[in-house]
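Notes follow the structure.
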Amino acid sequence: MRRGEKPVHIVVTEPVRVDSLDLDAQGIARLAPNEEELNQGQSGKVIFIQGALPTELVTYVITRDKARFSKAKVLDILKPAVFRAEPKCEAFGVCGGCTMQHLDIRAQVAMKQRVLEDDLKHIAKVAPEEILRPMGGPTWEYRHRARLSAVNRSIKKGTVLIGFHEGKSGYVADMTACEILPKQVSDLLPQMRKLVMGLSIVDRMPQIEIAVGEPEDLNSDDPQKAKPVTALVFRNLLPLTSADEQLLREFADVHQVWIWLQPKGIETVAPFYPLTGKLCYRLPEFEIEMPFKPADFTQVNHMMNRALVSRAIRLLEVQASDRVLDLFCGIGNFTLPLARKANAVLGIEGLESLTTRAKANAEHNQLADKASFMQSNLFEVSGETIASWGKAERWLMDPPREGAIEICQALAQLHEQGSDLPPQRIVYVSCNPKTLARDADILCHQAGYNLKSAGIVNMFPHTSHVESMAVFERLNLN
């Protein structure tokens, strides 16, 4: 709701049928047009109903009323959808993190696949030759990375709130458990409240970052080394007192977690207690172990990341003689597995801290002779930039939500010049179907590529986040 806009509470007891669902998991219904709308050739008013699903017959309460649309919450479900599910999380409907828990997981996947296909059709004006089978995995306890907000509500509610934000709100949800976090982390939420409440800087510790790594040694006789490693990064805006430090150490010892601190920017993240440890994830198919720091970007879903990497490399059809480029390479999530298959791989990333970590990971996996890394701004790319990277038969791109429009435009420029620098095959991993479709438009209509296949990866179950993958192959220029 916009600032200054007054909320409304209008109960509508006339049932309405829900036709579709938007990516915020709001049911979309359309009222019959009134006489004025009919005379003007307009359709009826659109109602976005939180908590309603397609095919359902519902009554609702309007919370925001505009001339052409209204926002509402479901009041009664008179005829439930066959794919309605019982939300597992007690905070569902308040927490903004998982808006689709009331929708059966199969319907969630189908909806995301439809979003991808529709965006490719309407934005890129293309359809893939093949729709890849949707990839799915664990639907609960899958999130191994999270950023929780902490806010002192000691006067109003008698406690500190630690959790995700409420839906479309600056408020933090009052939650004592989270079903998508690993159980050992979810169980810590009430204990973290007590910890922060006991600190002298209770008002100046606004955030706790969580990173869960795989066990240090699955085959160890030491129970601690056979357990997942949980790191907590506390954002401390003021220095800790000696009493604060003691509380943190005691918390770490009791709950067997690794505590880090972040007093200023991201570059200040450093271990506090214990001073040493091992945080990593593994890609067993490629015999890769990836050490990382809590502030490094890694995929939140370890099991789905294994499947994602496996499919991407398979679709890239890497040959032992190939040179491959991995753009937006991060800490080497795709680069190092690619190095197991190709003759040489160059990983390119915009942040020096990530390329430094990637180089260390290449050495850790004895791949420094095949995997090299460079820092380059991938949002300022020209044909000359691509020429400086050298010829590579195959590219893998895994850009952020903004996509890779500058790279695609540079490939179009090279195509127009008749250059042989563009790769024969591109696998594009996307976390935003709209920017993927926008870039596919350039690749297919300006850069000489064909969209061979595309499909979704359900990396974030119960959320509206759509992860996907597309394969582009360069058309024969002869």
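The first residue in the sequence is number 1, and the count goes up from there.
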TODO: Evaluate the criterion side chain to side chain contact (heavy atoms under 4.5 Å, CB included) for residue pair T59 and L78; output intermediate values, then yes/no.
DONE: CA-CA 8 Å; T59 58; L78 306 178; 4.2 Å; yes
Open item on the list: Set out, in order, the CA-CA distance, both residues' side-chain angles and the distance that settles side chain to side chain contact (heavy atoms under 4.5 Å, CB included) for T298 and N333, then state yes or no.
Closed with: CA-CA 8 Å; T298 58; N333 186 53; over 6 Å; no
Open item on the list: What verdict does the side chain to side chain contact (heavy atoms under 4.5 Å, CB included) test give for M304 and N458, after you've listed the backbone C-alpha separation in whole Å, the side-chain angles of each residue and the deciding distance to 0.1 Å?
Closed with: CA-CA 8 Å; M304 284 306 301; N458 199 22; 5.5 Å; no
TODO: Carefully, step by step, assess F286 and I313 under the rule side chain to side chain contact (heavy atoms under 4.5 Å, CB included).
DONE: CA-CA 11 Å; F286 303 97; I313 292 178; 3.8 Å; yes
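Atom NZ of K341 sits in a sparse spot, with 12 or fewer heavy atoms from other residues, nucleotides or ligands closer than 6.0 Å. By the neighbour-count criterion of 12 heavy atoms within 6.0 Å, atom NZ of K278 is densely surrounded, having more than that number from other residues, nucleotides or ligands. Heavy-atom neighbours of E129 CD from other residues, nucleotides or ligands within 6.0 Å: above the threshold of 12. Open room surrounds CD on E416; 12 or fewer heavy atoms of other groups in view lie less than 6.0 Å from it. For E267, the CD atom sits in a packed shell: over 12 heavy atoms of surrounding residues, nucleotides or ligands are nearer than 6.0 Å. More than 12 non-hydrogen atoms from other residues, nucleotides or ligands lie less than 6.0 angstrom from NZ of K88. Within a 6.0 Å radius of CD in Q375, more than 12 heavy atoms belonging to other residues, nucleotides or ligands are found.
Separating the CG atom in L315 from the CD1 atom in I426 is a distance of 13.5 Å, to the nearest 0.5 Å. Remark: H165 NE2 to L148 CG distance equals 10.5 Å, nearest 0.5 Å. Considering OG1 of T335 and CZ of R340, their distance stands at 13.0 Å, rounded to 0.5 Å. Atom CZ in R114 sits 12.0 Å away from atom CG in L116 (nearest 0.5 Å). Put simply, CE on M175 and OG on S186 are 7.5 Å apart, with the number rounded to the nearest 0.5 Å. Here CZ of R145 is found 10.0 Å from CD of Q299. Values are rounded to the nearest 0.5 Å.
Side-chain atoms of S310 never come within 3.5 Å of backbone atoms of R306 as a donor-acceptor pair (strictly under, hydrogens ignored). Judged by distance alone, with hydrogens and angles left aside, the side-chain atoms of R143 form no donor-acceptor pair with the main-chain N or O of V300 at under 3.5 Å. Checked by atom type and distance alone, the side chain of K391 pairs as donor or acceptor with a backbone atom of D420 at under 3.5 Å. Using a distance-only test at 3.5 Å, with no hydrogens or angles considered, no donor-acceptor pair links the side chain of Y142 to the main chain of G137. Under the 3.5 Å distance criterion, the side-chain polar atoms of Q262 are left unmatched by any main-chain donor or acceptor of V269. A distance-only check finds no donor-acceptor pair linking the side chain of N450 to the backbone of K452 [under 3.5 Å]. The closest donor-acceptor contact from the side chain of T355 to the backbone of M374 lies at 3.5 Å or more, if one exists at all. No donor-acceptor pair closer than 3.5 Å links the side chain of E166 to the backbone N or O of G96. When atom types are taken as modelled, the side chain of R401 and the backbone of T435 share no donor-acceptor pair closer than 3.5 angstrom. Although no hydrogens or angles enter the test, the distance criterion places a donor-acceptor pair under 3.5 Å between the side chain of E349 and the main chain of G330.
In this structure, the side chains of P400 and F379 come closer than 4.5 Å at one or more pairs of heavy atoms. Put simply, the side chain of V16 reaches to within 4.5 Å of the side chain of V58, judged on heavy atoms. Taking 4.5 Å as the limit, every side-chain heavy atom of E209 sits out of range of all side-chain heavy atoms of P294. Side-chain contact between D296 and L279 is absent, with no heavy-atom pair separated by less than 4.5 Å. Contact annotation: the side chain of Q50 never approaches that of Y60 to less than 4.5 Å [non-hydrogen atoms, C-beta and beyond]. Annotation: side chain of R394 is in contact with side chain of Q319 (closest heavy-atom distance under 4.5 Å). Counting heavy atoms from C-beta outward, E380 and E406 have side chains that stay 4.5 Å or more apart. Taking the side chain as every heavy atom from C-beta outward, I442 and L411 never approach each other to under 4.5 Å.
Taking 4.0 Å as the cut-off between side-chain N and carboxylate O, D65 and K45 count as a salt-bridged pair. Ion pairing between a basic and an acidic side chain is recognised when a charged N comes within 4.0 Å of a carboxylate O; R311 and E467 show no such pairing.
A pairwise comparison of heavy atoms in V212 and P228 identifies CG1-CB, 4.1 Å as the closest pair. Listed here is the closest heavy atom pair of L189 and C178: CD1-N, 4.0 Å. Nearest heavy-atom pair across A52 and H102 is O-NE2, 4.4 Å. Between A29 and V18, the shortest heavy-atom contact is CB-CA, 4.2 Å. The two residues G97 and T463 come nearest to each other via the heavy atoms O-CG2, 3.3 Å. Here the closest non-hydrogen pair linking R84 and G51 is NH2-O, 2.7 Å.
The aromatic rings of H302 and F292 sit perpendicular, their planes meeting at an angle over 60°, well past the 30° parallel limit. Classification of the F48-F69 ring pair by plane angle, with boundaries at 30° and 60°, yields perpendicular.
Between N343 and S321, the side chains place no donor N or O within less than 3.5 Å of an acceptor N or O (distance only, hydrogens not considered). In this structure, a donor-acceptor pair under 3.5 Å is present between the side chains of S382 and T385. Q108 and H462 are linked by a side-chain donor-acceptor pair at a separation below 3.5 angstrom, with hydrogens and angles left out of the test. For the residue pair K73 / T63, no side-chain donor-acceptor distance below 3.5 Å is found, with atom types taken as modelled.
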